Every structure is written in structure tokens, then in C-alpha cells.
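As C-alpha cells, the structure follows; a few thoughts come after it.
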Amino acid sequence: MRAIPAGETRGYGEVALSAGFPRGARRVARVLGENTDPHLPWHRVLRADGRIALPAGSAAAAEQVARLRAEGVVVEDGRVRAARRPARHALDALLWAPAPPAIIRRPK
DNA sequence: TGCGTGACCCAGG
DNA sequence: ACCTGGGCCACGC
């Protein structure tokens, strides 16, 4: 999470994957809920569709918007502009990359 | 052991 | 763009 550059955002699923936990999106969310480190850039983590995950109208959500805007991220109606997020195919590229990181998706 | 819950994700419609 | 159903995973009671 600390590796996410300021001004950029990532989805919970992407953070989980980067940390070595495919399908661990909910886990990331839970960890964030218990985080107390004010320096952790938790605000750069959004839902896969770019929306703020925290309950709309909550103080925490407002805090996240404030932090994002302070980094130049455009937040509109509880949502971050697509252009500021990694391309939609980024996750697929990671999962299906030819060589590393050799992560297997469990079949349905 | 079982079951509901949630800062989640995705394919379909 | 929104809603739904199914899947996922860790907790807590």
C-alpha cells in the first residue's frame, strides 16, 4: 500500500494481489478498518469501480476525499475519475502474465 | 460446528 | 450506470 505513488489509487483486490493474497480484497478492507497508523496511505485504496468504499457521508469518507484531493486526485460524487486509476486490464495482466508472478486463479 | 456480516469483486442483464 | 446473484475470506457469537 505504501508503494502506491501519491496521486494514484488502487483497488482492494489489486493491493491484496500485490501483497501475495489473490482474492484477498476483503482481507485488505478488514486490515484497513483496524489500522491506526496515520501515515499509512489508506486513502489511495478504492473499490474496483473507483468509488470510495467507506459509507457515503461518513466522517471517514470525507477524510479520504480530503486526502485524495490534497494529492491532486479528482474526486467527484464519491468517485475517482477513471483516468487517475490504472487501466481496467491491469489486474488481468498481472493474473495472466506469461512468466511471473505465477499466480493461479482457482477455477469456478 | 454453524451462520451472519462486511472499507470486496465480477459477470450478467 | 445500476441491480443482482454467486463467490470469496476472516471474524465473532
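In this text the structure is predicted, and so the values were computed from the model without any measurement. Chain identifiers are assigned alphabetically (A, B, ...) following the order of the sequence lines, protein sequences preceding nucleic acid strands; residue numbering begins at 1 within each chain. These numbers come from the heavy atoms of this one structure, side chains and all, not from hydrogens, waters or symmetry mates.
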Hydrophobic clustering (ILVMFWY, side-chain heavy atoms < 4.5 Å, transitive) - are A:V15 and A:V31 grouped together?
no
Rounded to whole angstrom units, what separation is found between the CD atom of A:E76 and the C1' atom of C:dA1?
15 Å
When only distance counts, do a donor and an acceptor, one from the side chain of A:R26 and one from the base of B:dC8, lie under 3.5 Å apart?
yes
With the threshold set at 4.0 Å, does a side-chain nitrogen-carboxylate oxygen contact exist between A:D49 and A:R51?
yes
Could you tell me if the side chain of A:T9 sits less than 4.5 Å from the side chain of A:V45, heavy atoms only?
no
Whole-Å distance between C:dC3 C1' and A:D49 CG?
13 Å
Separation of B:dG6 P from A:L32 CG (nearest whole Å):
17 Å
In plain terms, say whether A:E8 and A:R10 are close enough for a salt bridge, that is, a side-chain N and a carboxylate O under 4.0 Å apart.
yes
Does this structure show an ion pair linking A:E71 with A:R67, if we count only N-O contacts that are shorter than 4.0 Å?
no
Using the C1' atom on both, measure B:dT1 against C:dG12 and round to a whole Å.
14 Å
Under 3.5 Å, which protein N or O atoms sit close to an N or O of nucleotides 10-13 of chain C? Give each pair with its distance.
unit_1: C:dA10; atom_1: OP1; unit_2: A:R27; atom_2: NH1; d: 2.6
unit_1: C:dA10; atom_1: O3'; unit_2: A:R30; atom_2: NE; d: 3.3
unit_1: C:dA10; atom_1: O3'; unit_2: A:R30; atom_2: NH2; d: 3.2
unit_1: C:dC11; atom_1: OP1; unit_2: A:R30; atom_2: NH2; d: 3.1

Heavy-atom pair with the smallest gap, counting every atom of A:V73 and A:G7
CG2-O, 3.5 Å
Rounded to whole Å, please give me the gap between OH in A:Y12 and P in C:dC8.
21 Å
A:R47 CZ - C:dC2 P separation (whole Å):
10 Å
